[in-house]
Amino acid sequence: MKTAASQRHAGRLRRHRRVRKKITGTADRPRLAVYRSNKHITVQVINDLNGTTIASASTVEPEQRKQGSGATVEAATRIGQLVGQRTKAAGVTKVVYDRGGFLFHGRVAAAAEAAREAGLEF
């Protein structure tokens, strides 16, 4: 019998695979992928055709760790703004959003809204 935590994890992976069948990042419109753990959030802009990461930001980075906990909506907002700035600096303005099987709520939504405010178009 599976534990509740392993069932939740398996469900998230199932949702993520289902979404990834339809979403692919290209050079013109890379994929903005979000990963949320209990303590941190990571956002990457990925060109799936080349297999390259254009920009990324995470609460694991030393300068972000100094600003407090990575498990808050405020931290997700900071990371969304940071990845938006780095992506625009790399010359990309349009992305396709990949929520990674997580619900579009809380930290995942905050990161997306902050990236939009930083100038990225979804």
Side-chain angles (χ1 to χ4, degrees):
M1 186 153 106
K2 288 187 174 183
T3 64
S6 65
Q7 285 179 340
R8 276 194 307 273
H9 182 69
R12 185 193 75 80
L13 291 178
R14 223 177 6 258
R15 285 188 301 275
H16 186 53
R17 279 189 226 111
R18 185 171 58 231
V19 169
R20 287 285 288 123
K21 282 187 221 174
K22 301 172 188 173
I23 294 177
T24 302
T26 63
D28 296 333
R29 203 169 170 119
R31 177 170 56 99
L32 182 82
V34 175
Y35 177 74
R36 176 186 60 83
S37 72
N38 287 338
K39 292 185 177 183
H40 297 286
I41 189 162
T42 302
V43 181
Q44 294 180 324
V45 178
I46 304 166
N47 179 349
D48 289 317
L49 299 179
N50 293 343
T52 58
T53 299
I54 297 168
S56 68
S58 176
T59 55
V60 180
E61 296 174 7
E63 61 188 40
Q64 294 298 321
R65 290 192 103 150
K66 292 176 185 174
Q67 296 184 10
S69 174
T72 62
V73 171
E74 292 80 22
T77 303
R78 281 195 321 266
I79 295 303
Q81 290 172 348
L82 186 59
V83 80
Q85 294 167 357
R86 290 177 181 175
T87 303
K88 295 228 1 154
V92 176
T93 58
K94 292 185 178 182
V95 295
V96 61
Y97 188 69
D98 176 12
R99 61 187 173 89
F102 298 102
L103 291 176
F104 190 80
H105 184 268
R107 290 187 282 158
V108 175
E113 292 301 320
R116 276 192 191 113
E117 289 174 8
L120 294 183
E121 295 178 35
F122 292 22

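Here the structure is a predicted model, which is why all the values come from computation and not from measurement. Residue numbers run from 1 in the order of the sequence given.
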Practice item. Take Asp28 and Lys94, measure what side chain to side chain contact (heavy atoms under 4.5 Å, CB included) needs, and give me the verdict at the end. Key: CA-CA 7 Å; Asp28 296 333; Lys94 292 185 178 182; over 6 Å; no

Exercise for review: Applying side-chain hydrogen bond (donor to acceptor under 3.5 Å, both in side chains), run through Thr72 and Ser69 and close with a yes or a no.
Suggested key: CA-CA 7 Å; Thr72 62; Ser69 174; 5.3 Å; no

Revision key, fill the gap. Taking every heavy atom of Gln44 against every heavy atom of Ser56, the minimum-distance pair comes out as CG-CB, 3.8 Å

**Study point:** Evaluation steps, side chain to side chain contact (heavy atoms under 4.5 Å, CB included), between Glu121 and Val95
**Key:** CA-CA 6 Å; Glu121 295 178 35; Val95 295; over 6 Å; no

**Study point:** Same apolar cluster (I L V M F W Y, side chains within < 4.5 Å links), Val96/Val45
**Key:** no

Exercise for review: Kindly work out whether a path of hydrophobic side-chain contacts (I/L/V/M/F/W/Y, heavy atoms less than 4.5 Å apart) joins Tyr35 to Phe104.
Suggested key: yes

Check your understanding: According to a 4.5 Å side-chain heavy-atom criterion applied to Ile, Leu, Val, Met, Phe, Trp and Tyr, with indirect links allowed, do Val43 and Ile54 form part of one hydrophobic cluster?
Key -> yes

Review point. Under the 3.5 angstrom rule, does the side chain of Asn50 hit a backbone N or O of Thr52 as a donor-acceptor pair?
Key: no

Check your understanding: Between Arg107 and Gly70, which heavy-atom pair has the shortest distance, and what is it?
Key -> NH1-O, 3.8 Å

Check your understanding: For the residue pair Phe122 and Tyr97, does the interplanar ring angle fall in the parallel (under 30°), tilted (30 to 60°) or perpendicular (over 60°) class?
Key -> parallel

Check your understanding: Do Glu61 and Arg86 sit within salt-bridge range, that is, some charged N less than 4.0 Å from a carboxylate O?
Key -> yes

Point to revise | Carboxylate-amine/guanidinium contact Glu63 Lys66, below 4.0 Å | key: no

**Study point:** Worked check of side chain to side chain contact (heavy atoms under 4.5 Å, CB included) between Val19 and Asp98
**Key:** CA-CA 8 Å; Val19 169; Asp98 176 12; 4.1 Å; yes

**Study point:** Test item: Thr26 side-chain N/O and Arg29 main-chain N/O as donor-acceptor pair under 3.5 Å
**Key:** yes

Review point. Looking only at heavy atoms, which two atoms of Asn47 and Ala27 are closest? And how far apart?
Key: ND2-CA, 3.6 Å

Exercise for review: Using atom types as modelled and distance alone, determine if a side-chain donor or acceptor of Arg15 lies under 3.5 Å from a backbone N or O of Ala10.
Suggested key: no

Check your understanding: Should Val108 and Leu103 count as side-chain neighbours, where that means a heavy-atom distance under 4.5 Å?
Key -> no

Practice item. Keeping the roles fixed (side chain from Arg12, backbone from Gly100), state whether a donor-acceptor pair exists under 3.5 Å. Key: yes

Practice item. Determine, using the 4.5 Å side-chain heavy-atom cutoff (strictly less than), whether Val92 and Leu32 are members of one ILVMFWY cluster. Key: yes

Point to revise | Set of residues satisfying salt bridge (charged side-chain N to carboxylate O under 4.0 Å, His left out) with respect to Arg20, sequence neighbours excluded | key: Asp48

Review point. Side chain of Thr77, backbone of Val73: donor and acceptor closer than 3.5 Å?
Key: yes

**Study point:** Closest non-hydrogen atom pair between Ala118 and Gln81, with its separation
**Key:** CB-O, 3.9 Å

Check your understanding: Within the side chain of Arg31, is there an N or O that forms a donor-acceptor pair under 3.5 Å with the backbone of Gly25?
Key -> no

Check your understanding: Is there a chain of hydrophobic side chains (I, L, V, M, F, W, Y, each step under 4.5 Å between heavy atoms) that links Phe102 to Val83?
Key -> yes

Review point. How close do Ile79 and Ala57 get, heavy atom to heavy atom, and via which atoms?
Key: CG2-O, 3.6 Å

Check your understanding: So, Thr59 side chain and Ile41 main chain: donor-acceptor pair closer than 3.5 Å or not?
Key -> yes

Practice item. Nearest 0.5 Å please: distance from the OG atom of Ser6 over to the NE2 atom of His9. Key: 9.0 Å

Review point. Distance-only, no hydrogens or angles: does the Ser58 side chain make a donor-acceptor pair with backbone N or O of Val60 under 3.5 Å?
Key: yes

